[in-house]
Colleague: 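Okay, handing you the structure first.
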Amino acid sequence: MMHFMLLFSRQGKLRLQKWYTVMVDKEKKKIARELVQIVLSRQAKMCSFVEWRDLKIIYKRFASLYFCCAIDEQDNELLTLEIIHRYVELLDKYFGNVCELDIIFNFEKAYFILDEFIIGGEMQDTSKHSVPKAVEEADMMQETMEEYLAKPTF
């Protein structure tokens with residue numbers, strides 16, 4: 001099971017965080033700060049797997065963002081790398097070559113795509129087509145609702 005996913009920049013700025021286990025905010029901040037430091041201190045040629053506490057940390061750098069996941073010791077590291085890659089593909093499909101600014105200014109869409117893809121720390125859907133379809137339907141519903149609310153009611 002995935003315990004959390006963090007997205008952060010090369011400068012160490014946290015851009016997105018999703019927690020699938022219950023922790024107090026102080027502990028979350030401490031974990032995020034520690035993992036950002038660990039991952040950023042590693043060289044590019046080093047392995048993307050780190051044993052940390054009783055978890056395995058799996059990370060991958062795409063452009064200027066690091067995608068970092070914590071999984072149980074018995075979980076498959078390569079599957080987690082595939083999950084990260086699929087999430088990046090879904091973001092690319094929605095934003096068209098996703099960049100850090102897309103995550104910053106459209107964080108609610110990034111969270112929505114992640115929530116459609118991973119529920120409770122487990123991958124919900126492996127299809128490349130059903131998640132973008134659900135996001136597109138949500139966008140259409142939001143546009144329809146905005147049009148409805150913009151009409152005068154007299």
Side-chain angles (χ1 to χ4, degrees), residues 1-21 25 28-29 31-52 55-72 75-150:
M1 180 185 118
M2 186 181 302
H3 292 269
F4 55 85
M5 178 183 272
L6 305 174
L7 271 67
F8 52 90
S9 67
R10 288 185 295 180
Q11 292 78 29
K13 298 259 188 195
L14 197 60
R15 299 301 183 197
L16 183 139
Q17 57 181 333
K18 185 69 175 182
W19 299 84
Y20 299 106
T21 55
D25 286 343
K28 289 179 184 179
K29 288 178 185 175
I31 289 171
R33 195 170 39 250
E34 187 177 338
L35 286 178
V36 166
Q37 183 180 13
I38 289 170
V39 171
L40 290 179
S41 67
R42 295 175 61 86
Q43 296 177 355
K45 299 279 184 188
M46 295 177 89
C47 179
S48 295
F49 311 146
V50 179
E51 290 188 10
W52 178 76
L55 300 172
K56 283 192 245 179
I57 305 302
I58 315 298
Y59 68 93
K60 182 78 173 145
R61 180 178 163 201
F62 289 95
S64 65
L65 284 174
Y66 283 91
F67 292 74
C68 179
C69 296
I71 60 171
D72 291 323
D75 287 345
N76 189 337
E77 301 94 346
L78 296 177
L79 180 61
T80 306
L81 273 178
E82 282 297 316
I83 289 171
I84 291 171
H85 187 75
R86 178 59 53 92
Y87 182 52
V88 172
E89 286 179 336
L90 292 169
L91 290 172
D92 275 343
K93 190 167 186 170
Y94 184 79
F95 292 112
N97 200 11
V98 68
C99 67
E100 187 175 350
L101 290 175
D102 292 324
I103 303 296
I104 292 169
F105 293 116
N106 299 298
F107 64 90
E108 68 281 346
K109 289 297 176 192
Y111 277 113
F112 185 77
I113 293 169
L114 184 61
D115 289 341
E116 284 291 320
F117 180 52
I118 298 174
I119 296 177
E122 299 290 339
M123 185 169 42
Q124 179 66 24
D125 197 351
T126 59
S127 172
K128 286 185 185 180
H129 306 291
S130 62
V131 173
K133 185 178 178 187
V135 173
E136 184 180 319
E137 288 172 359
D139 284 347
M140 296 268 290
M141 187 171 16
Q142 182 178 0
E143 288 173 16
T144 305
M145 190 59 131
E146 287 172 358
E147 289 172 7
Y148 176 75
L149 293 174

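Just so you know, these numbers come straight off a predicted model, no measurement behind them. Scope of the values below: all heavy atoms of this structure, side chains included, with no hydrogens, waters or symmetry mates. We're numbering straight along the sequence, starting at 1.
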Colleague: Below 30° counts as parallel, above 60° as perpendicular, anything between as tilted: where do the rings of Y66 and Y59 land?
Modeller: tilted
Colleague: For L91 and F117, run side-chain contact (heavy atoms from CB on, under 4.5 Å): C-alpha distance rounded to whole Å, both residues' side-chain angles, the deciding distance at 0.1 Å, then the answer.
Modeller: CA-CA 11 Å; L91 290 172; F117 180 52; over 6 Å; no
Colleague: Looking at R86 and E89, is any side-chain nitrogen of the basic one under 4.0 Å from a carboxylate oxygen of the acidic one?
Modeller: yes
Colleague: Quick test of your reading of the model: are D115 and K18 salt-bridged, counting only N-O distances below 4.0 Å?
Modeller: yes
Colleague: I'd like to know whether CD of E108 has more than 12 heavy-atom contacts from other residues, nucleotides or ligands below 6.0 angstrom.
Modeller: yes
Colleague: Tell me whether K56 contacts the main-chain N or O of D75 through its side chain, where contact means a donor paired with an acceptor under 3.5 Å.
Modeller: yes
Colleague: Can you name the ring-ring contact (aromatic ring centres under 6.0 Å, His included) partners of F67, sequence neighbours left out?
Modeller: F62
Colleague: Give a yes or no on whether E136 atom CD has more than 12 heavy-atom contacts from other residues, nucleotides or ligands under 6.0 Å away.
Modeller: no
Colleague: Got more than 12 heavy atoms from elsewhere within 6.0 Å of NZ, K28?
Modeller: yes
Colleague: Using modelled atom types only, decide if a donor and an acceptor are shared between the side chain of Y111 and the backbone of N106 within a distance under 3.5 Å.
Modeller: no
Colleague: For D92, what residues pass the side-chain hydrogen bond (donor to acceptor under 3.5 Å, both in side chains) criterion, not counting sequence neighbours?
Modeller: none
Colleague: For R61 and A63, indicate whether the former's side chain and the latter's backbone hold a donor-acceptor pair under 3.5 Å.
Modeller: yes
Colleague: Please report the interatomic distance CD1(I113) to CG(L16), rounded to the nearest 0.5 Å.
Modeller: 10.5 Å
